[in-house]
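Excluded from the calculations below are hydrogen atoms, water molecules and symmetry mates; all remaining heavy atoms, backbone and side chain alike, are included. Given the structure is predicted, the values throughout are model-derived calculations rather than measurements. To find a chain, count down the sequence lines: A is the first, B the second, and so on, and within it residues start at 1.
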Amino acid sequence: MTCFPFAAKHPRISNHLRCRQLAELQRNSGTGRLKEGRQWKSCQVKTGTDTNPQPMFIYASPNASFILNLFVSTADERPKKTLFRVWLLPVAPSKEKKMLLVLTDEHKEHLAFLLEVDSAGKLNVAVETVQHGVEGIMYLLTESSKLMISEVDFQDSVLVLGFPEELNKLLLQLYLDNQKEIRNILSELGPNLPHYHNLEWRLDVQLASRALRQQIKPAVTFKLHLEQNGEESANVLQTDPATLLHLIQQLEQALGEMKTTHCRRVVRNIK
Amino acid sequence: MRFRFCGDLDCPDWVLAEISTLAKLSSVKMKLLCVQVLKDLLGEGIDYDKVTKLTSDAKFESGDIKASVAVLSFILSSAGKHNVDSESLSSELQQLGLPKEHTTGLCKSYEDKQTVLQEKLRESSLRLSRLESVSWRVDYTLSSSELREVNEPTVLLRFQVNGPDPASKEPIVASLTADKFRVLLTELKQAQVMMNALN
C-alpha cells in the first residue's frame, strides 16, 4: 500500500489520511491480499485557496472513496475558489500480482543435477548433464532478472524444483547479488541503430568561381560520425545558413516537446 | 553568466562541478597536470602513470582522474578555440571558483603554448580532401595509327589526393594537349591572384 509523498505534506490531508491509512492497513493485513480489483476514479473536487492548477497525486489504492468524502467535508468549511482533479491510480502491479516463473519438466530435470554434488565437491556425472545444468541455472537467472521477480516469488518458483532449503537460499542469494549486473548486460542486447559519435563542422564562404567573380555564398559543411556495433561511419553533409537555421529550429522544437503537459504526465507515471 | 572562454555562452554544469575537484589538488601538481593535458592536446600522447602519481596525493579515484583531465582539456581547448588571452581566462576561472594559485599556474602554461595549440587546432579542422602531391610529364607524340605525322606535345598530370576517410588515397591522372593546359594554367593563375589578395 503506497501513499504518494505529496499527500503527507499537504496540511489538510495529513492527519485524516494517516488515521484512515492505518485503519485500512489493519483491515487488509488480516487477509494478506487487497480485496477488490483496481479501479480508476477521477472526479473534480472543490477546494479552498489552492491555486496550483497541476493535478496532485494523492493516493494509490483500489478503493479510496473515503478520500472523496474527506475533501467534500473539509471543503464545505472554506470558500470554494478553485477546482482541481484528484487522480486515483491503481497500485503498481508488481506489488499485487503474483509472478511465478514457470519451469517446464525439462528445466526441472536439468536443474536436478545440482543435488548430485558429492561430499568431495566432485560431480560424478556426464559432460552433457553438467552442460544442461549450467544452462538451466543460466535460464533461471536471466529469466528472473528479465522479469524483475521479487524475492518471495523467486523462492516460490524455486520451491517447485523440490530442492533442500539451503540450496534454495543459495540460489536466492545468487539471484539477488547478480541481478543488477545481469540486467545491465541484458539491456545492451537490444537492436542497435547507428548512434551519434562526433560532429565536425566548418563555415566557408565562396568568393569566386571560374564562371563568376565577386560572389558571397556562405555554406556550412558537416562531417557526422556515427557508430553502430563497433563500426564507425562518417557522412559528409552541406547546407546553406537558412536551411541550418530551420534545422536548428526543428530540433529545438523536438526538445521542447519534453516540456509539454502530455509528456510530463507520461514521464511522471513511468517514474 | 556568460563566459568568453565558453564562446559567450553559459559554462556547462559539469565544468563547475569538476572545478571544485581540481581545487583539491595542490597548485604545483595542478600545473604539472596542465602540462600533461597540453601535451595530449598537441597530439604527443598523455602519460597516465605520471597523472596517477600526481593525483595520488589528493587520493583521486579513477573517476576523479578522468574528470579532472576532461575539465582541463575542455578549458584549454575552448580557450584556444575562442582565442581568449590568458588574463581574461584567469579572471573568468577565478569567477568560477578556481583558487588563485591554480588559476595562475593554468594560465601560465596556456600562455606558453597558446600559439602552438591554435596551430594544432587549425590543422585538425574539418577538411574534406587534401592534395598531397603533383607530378607531371611532357611527352611528344611523333605519329599514331590515325595520322602519320602528329608532332604534338602532351602533358601528363598526376594528383595524389587524400580523401575524407583516412584510408582512401586515390591518384588522379589526366593527360592534356598544349591548348587545354594553357587554359588550365591561366585560370589557376587568376585564382592564385585572388587568394593572394585575401591574404
Side-chain angles (χ1 to χ4, degrees), chain A residues 180-181 184 187-188 194-245 247-256 258-259 267, chain B residues 6-10 12-13 40-41 43 63 70 73-74 77-78 80-83 117-131 157 159 161-170 174 176 179-199:
Chain A
K180 258 207 181 112
E181 209 178 310
N184 267 343
S187 73
E188 290 171 21
H195 56 262
Y196 171 85
H197 182 70
N198 192 13
L199 177 71
E200 295 175 73
W201 59 267
R202 63 188 264 159
L203 176 65
D204 293 320
V205 174
Q206 182 180 328
L207 293 171
S209 67
R210 186 179 175 204
L212 181 66
R213 307 292 152 85
Q214 316 264 0
Q215 304 171 9
I216 295 202
K217 224 199 222 174
V220 181
T221 315
F222 295 103
K223 193 164 171 191
L224 179 65
H225 295 258
L226 299 170
E227 199 198 315
Q228 183 180 27
N229 290 332
E231 288 168 15
E232 288 198 17
S233 60
N235 295 340
V236 180
L237 309 159
Q238 201 178 53
T239 173
D240 57 292
T243 319
L244 179 65
L245 281 173
L247 185 72
I248 292 175
Q249 199 189 38
Q250 292 297 314
L251 289 174
E252 282 184 345
Q253 247 179 32
L255 267 183
M258 277 295 288
K259 301 196 177 130
V267 170
Chain B
C6 296
D8 288 335
L9 294 172
D10 283 333
D13 292 334
D40 182 37
L41 286 174
S73 53
F74 174 80
S77 61
S78 9
K81 192 195 295 190
H82 298 109
N83 201 16
L117 182 65
Q118 284 182 324
E119 264 310 307
K120 184 74 181 50
L121 290 173
R122 185 168 305 161
E123 272 171 46
S124 55
S125 297
L126 175 62
R127 273 185 70 170
L128 290 175
S129 50
R130 285 170 204 244
L131 179 63
L157 286 173
F159 298 102
V161 177
N162 284 347
D165 300 326
S168 63
K169 292 187 182 211
E170 312 161 357
L176 299 91
D179 288 334
K180 265 286 194 270
F181 183 65
R182 223 167 277 139
V183 173
L184 176 67
L185 200 56
T186 326
E187 299 289 342
L188 285 178
K189 278 187 183 160
Q190 287 179 357
Q192 189 189 32
V193 163
M194 229 177 282
M195 274 173 67
N196 286 338
L198 286 170
N199 236 349

(request) Under 4.5 Å heavy-atom distance to chain B, tell me which part of A:S209 shows up: side chain, backbone, both or neither. (result)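 Neither part, no heavy atoms under 4.5 Å.
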(request) With a 4.5 angstrom heavy-atom cut-off, could you sort out which part of B:T186 is near chain A: side chain, backbone, both or neither? (result)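 The answer is neither part of B:T186.
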Crowded around [X] [atom1]? As in, over 12 foreign heavy atoms under 6.0 Å?
X      : atom1 : answer
A:N184 : CG    : yes
A:Q250 : CD    : yes
A:R210 : CZ    : no
A:I216 : CD1   : no
B:M195 : CE    : no

(message) If I compare all heavy atoms of B:S124 with all of A:E200, which pair ends up nearest, and what's the gap?
(response)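 Distance-wise, the nearest heavy atoms are O-OE1, 4.1 Å.
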(request) For residues B:L126 and A:T221, report the shortest heavy-atom separation together with the two atoms involved. (result)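 Taking B:L126 first and A:T221 second, the nearest heavy atoms are CD2-O, 3.7 Å.
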(message) Is the shortest side-chain heavy-atom distance between A:R202 and B:R127 below 4.5 Å?
(response)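 Side chain of A:R202 against side chain of B:R127, heavy atoms only: contact under 4.5 Å found.
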